[in-house]
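Here is the structure we will look at, set down as structure tokens.
Just so you know, residue 1 is the first one in the sequence shown, and it goes up from there. Since the model is a prediction, treat every value here as computed from it, not as a measurement.
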Amino acid sequence: MGLLVLALAAWLGLGPALASEGAANSSRLCQEAPAWSVNGLSPMTGAEGQVTVVALLKHFLLRSLGGLQERLARQGTVDVRYMIVNEKAPLSRAMFGELERQAPPGVPVFQPEPEEPDIWQVLGGDKDDFLIYDRCGRLAFHIQLPYSFLHFPYVESAIRFTHSKDFCGNCSFYPNVSSERATDPSGDHEPATRTHHHHRDHSQPHREGKKQKEGNEH
């Protein structure tokens, strides 16, 4: 089901970024996460070999995130790190304690200090965005509203795909695929950096024709 969902997303014009907003966000695809830290900690340090899911949440999707995490773990999608980054705004800072209480067990919540950079801005994201990094720390998917609502299958499918496929290519942490690029989730065989510059482009992606087998013998 996951690959079919991603194929549908590509058909809708969401592309590999799955609702990446314009060229600015699209250009980050398959690039390493920008350096960021909170209270002297660098959350992306040591991410090699694991898929990392960075959720820019306040509170609305927290309960659903725990259910998604448990479901994926039960089905064998392990070696996935989840983290939440709270908004820097004063009102959101005031709700930080509640955000920590509602977060799924084992999922850290990071709160930028007033003198620190706005992490949401550093990452190029906004409220309820999900940024999914591959095993080499490169951005594979940036999923935005409304597609990031977890009752839709897009976030789950993107995590599954990034967990199993070397989407950006040449990542030695993916067994048996380190020397070749993964197939586009839509079924196309175009480079993984293919992007769409607008949500609402409903043009259908090009599909390569299948080679016909020629029989020379009866």
Closest non-hydrogen contact found for Ala103 with Val107 is CB-O, 4.0 Å
Validation row: Asp126, Leu56 side chains within 4.5 angstrom (heavy atoms): no
Under 3.5 Å: donor-acceptor pair, side chain of Thr77, backbone of Ala73: no
Could Arg138 and Tyr133 be counted as a cation-pi pair, given that NZ or CZ must be under 6.0 Å from the ring centre and within 45° of the axis? no
Less than 4.5 Å apart, any side-chain heavy atom of Arg160 and any of Leu72? yes
Which atom pair, heavy atoms only, marks the closest approach of Thr45 to Arg81? O-NH1, 3.8 Å
Modelled atom types, side-chain donor and acceptor of Asp129 and His142, under 3.5 Å: yes
Please confirm whether the backbone N or O of His163 pairs with a side-chain atom of Arg135, one donor and one acceptor, at under 3.5 Å? yes
Assess whether salt bridge (Lys or Arg N to Asp or Glu O under 4.0 Å) is satisfied between Glu113 and Arg93, documenting all intermediate values. CA-CA 9 Å; Glu113 296 295 330; Arg93 288 179 53 79; 3.7 Å; yes
Any side-chain heavy atom of Asp134 within less than 4.5 Å of one from Val51? no
Quiz question: by atom type and distance under 3.5 Å, do the side chains of Asp79 and Gln50 form a donor-acceptor pair? no
How about CD on Gln121, more than 12 heavy atoms from neighbouring residues, nucleotides or ligands closer than 6.0 Å, or not? no
Taking all non-hydrogen atoms of both residues, which atom of Pro108 and which atom of Gly106 are closest, and how far apart? CD-O, 3.4 Å
I'd like to know if the two cysteines, Cys168 and Cys136, have SG atoms within less than 2.5 Å. no
Sidechain-backbone polar pair: Ser148 side chain, Asp128 backbone, donor-acceptor under 3.5 Å: yes
Separation of Leu131 CG from Gln144 CD (nearest 0.5 Å): 8.5 Å
When the aromatic ring centroids of Tyr147 and Phe152 are compared, is their separation below 6.0 Å? no
Can you tell me how far OG of Ser64 sits from CZ of Arg71, rounded to the nearest 0.5 angstrom? 9.0 Å
Taking side chain to side chain contact (heavy atoms under 4.5 Å, CB included) as the criterion, tell me which of Ile159, Leu150, Val54 meets it with Phe130. Leu150
Out of curiosity, Ser92 OG to Glu98 CD, how far, rounded to the nearest 0.5 Å? 13.0 Å
Once you round to the nearest 0.5 Å, how far does OG1 of Thr52 lie from CD1 of Ile132? 10.5 Å
Would you call the rings of His151 and Phe149 parallel, tilted or perpendicular if under 30° counts as parallel and over 60° as perpendicular? parallel
Would Ile84 end up clustered with Leu145 when hydrophobic side chains under 4.5 Å apart are linked, directly or stepwise? yes
Pairwise side-chain contact, Val155 with Leu68, heavy-atom cut-off 4.5 Å (strictly under): yes
Under 4.5 Å between any side-chain heavy atoms of Leu139 and Gln31, yes or no? no
Which one of Asn39, Asp118, Ile119 satisfies the side chain to side chain contact (heavy atoms under 4.5 Å, CB included) criterion with Pro112? Ile119
Would you say the side-chain atoms of Tyr174 pair up with the backbone N or O of Thr162, donor to acceptor, closer than 3.5 Å? yes
Using a strict 4.0 Å threshold on nitrogen-to-oxygen distance, state whether Glu116 and Lys88 make a salt bridge. no
Which pairs pass disulfide bond (SG atoms under 2.5 Å apart) with one or both residues in residues 63-133, sequence neighbours excluded? none
Is there a donor-acceptor pair under 3.5 Å between the side chain of Trp36 and the backbone N or O of Met44? no
Heavy atoms, side chains only, cut-off 4.5 Å: are Phe110 and Asn86 in contact? no
Measure the acute angle between the ring planes of Phe141 and Phe161, then classify it against the limits of 30° and 60° as parallel, tilted or perpendicular. perpendicular
